[in-house]
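Please read the structure below before turning to the comments.
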Amino acid sequence: MKVKNMRRNGFTLIEIIIVITIIGLVVAWAGNRIFGQGDKAKSGLAKGRISDISAQLDTYKLDTGRYPTTAEGLRALLVNPGSATNWNGPYVRNADALKDPWNNDMIYKSPGDANRPFELTSLGADGKEGGEGADRDVRSWD
């Protein structure tokens, strides 16, 4: 009686499951590392937007002789509030330019605290005061 030498072709189900599990773990780890940087990037973008809006507020002041009041708000960069003489706007392209990267309205106050002419604030990812990490507030005076 001769025993045939059987060759094994392919992979067993267990081997396939182990490989798929390992690939899934690597993808989950890499995705978390890559996508976790998104909120950090948005915080940097918020700082940049605050800088851009601050420059537009300075241009507004050069034209009108004053910054918009808190009541007039940042909307004064889009539409003449009526009380501004020599208004030469709009100073921003659209209302979206006045929002933070999380699509929340920037908070504007004029005059600001500590003798600042104005203050701009983004409340971060959570839209609430305070917070850590992505939820940290981004302010014009930081």
Side-chain angles (χ1 to χ4, degrees), residues 3-142:
V3 177
K4 282 188 173 179
N5 208 3
M6 295 184 69
R7 289 173 64 184
R8 195 172 124 202
N9 293 325
F11 299 101
T12 66
L13 181 59
I14 298 292
E15 291 170 330
I16 292 172
I17 290 172
I18 290 171
V19 169
I20 290 173
T21 302
I22 291 170
I23 290 171
L25 290 171
V26 169
V27 167
W29 174 80
N32 189 33
R33 300 281 291 169
I34 292 168
F35 294 115
Q37 298 299 317
D39 285 327
K40 188 175 183 181
K42 283 186 177 183
S43 292
L45 184 57
K47 191 70 172 166
R49 284 216 183 140
I50 286 173
S51 178
D52 290 345
I53 294 170
S54 295
Q56 298 310 323
L57 286 165
D58 289 339
T59 303
Y60 179 98
K61 183 181 187 243
L62 285 173
D63 289 346
T64 64
R66 64 177 182 84
Y67 290 104
T69 64
T70 301
E72 291 169 340
L74 294 176
R75 184 109 178 107
L77 297 175
L78 276 171
V79 178
N80 187 340
S83 59
T85 56
N86 298 324
W87 187 88
N88 195 25
Y91 298 91
V92 293
R93 281 186 243 149
N94 54 45
D96 289 340
L98 302 175
K99 293 185 177 283
D100 69 13
W102 297 277
N103 207 31
N104 298 317
D105 292 329
M106 291 278 188
I107 298 172
Y108 173 74
K109 180 180 170 186
S110 179
D113 295 331
N115 293 324
R116 295 181 190 101
F118 63 86
E119 295 176 8
L120 282 169
T121 305
S122 165
L123 296 179
D126 64 354
K128 298 176 186 170
E129 276 220 30
E132 296 292 322
D135 296 335
R136 183 178 167 268
D137 299 347
V138 180
R139 303 183 192 294
S140 55
W141 65 92
D142 288 341

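Numbers for residues simply follow the sequence, beginning at 1. Side chains are part of it too, since the values below use all heavy atoms of this structure and drop only hydrogens, waters and symmetry mates.
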- Task: Any chance you could lay out the side-chain contact (heavy atoms from CB on, under 4.5 Å) test for M106 and L98, step after step, and finish with the verdict?
- Result: CA-CA 6 Å; M106 291 278 188; L98 302 175; 5.7 Å; no
- Message: I'd like to know whether D58 forms a side-chain contact (heavy atoms from CB on, under 4.5 Å) with Y67, so could you lay out the CA-CA distance, the side-chain angles of the two residues, the decisive distance to 0.1 Å, and finally the verdict.
- Response: CA-CA 7 Å; D58 289 339; Y67 290 104; 2.7 Å; yes
- Message: What verdict does the side-chain contact (heavy atoms from CB on, under 4.5 Å) test give for L123 and I107, after you've listed the backbone C-alpha separation in whole Å, the side-chain angles of each residue and the deciding distance to 0.1 Å?
- Response: CA-CA 8 Å; L123 296 179; I107 298 172; 3.6 Å; yes
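Side-chain contact between K42 and W102 is present, with at least one heavy-atom pair separated by less than 4.5 Å. Counting heavy atoms from C-beta on, the side chains of D113 and E119 come closer than 4.5 Å.
At most 12 non-hydrogen atoms from other residues, nucleotides or ligands lie less than 6.0 angstrom from CD1 of I14. Annotation: K99, atom NZ; neighbour count of heavy atoms from other residues, nucleotides and ligands within 6.0 Å is above 12.
Among residue pairs with one or both ends in residues 84-98, those qualifying as side-chain hydrogen bond (donor to acceptor under 3.5 Å, both in side chains) are D63-Y91; sequence neighbours excluded.
For the atom pair R139 CZ and K47 NZ, the distance stands at 10.5 Å (nearest 0.5 Å). Annotation: the span from L57 atom CG to T64 atom OG1 amounts to 10.0 Å, rounded to 0.5 Å.
A salt bridge is defined here as a Lys NZ or Arg NE, NH1 or NH2 lying under 4.0 Å from an Asp or Glu carboxylate O, and D126 with K128 fails to meet this definition.
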Between side-chain atoms of residues 73-83 and protein atoms elsewhere (two or more places apart, or another chain), which donor-acceptor pairs fall under 3.5 Å?
| unit_1 | atom_1 | unit_2 | atom_2 | d |
| --- | --- | --- | --- | --- |
| N80 | OD1 | G82 | N | 2.8 |
| S83 | OG | R66 | NH2 | 3.0 |
| S83 | OG | E72 | OE2 | 2.5 |

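Using a distance-only test at 3.5 Å, with no hydrogens or angles considered, no donor-acceptor pair links the side chain of S140 to the main chain of I50.
Paired with F118 under the rule side chain to side chain contact (heavy atoms under 4.5 Å, CB included), one option of S54, P111, P68 passes, and it is S54.
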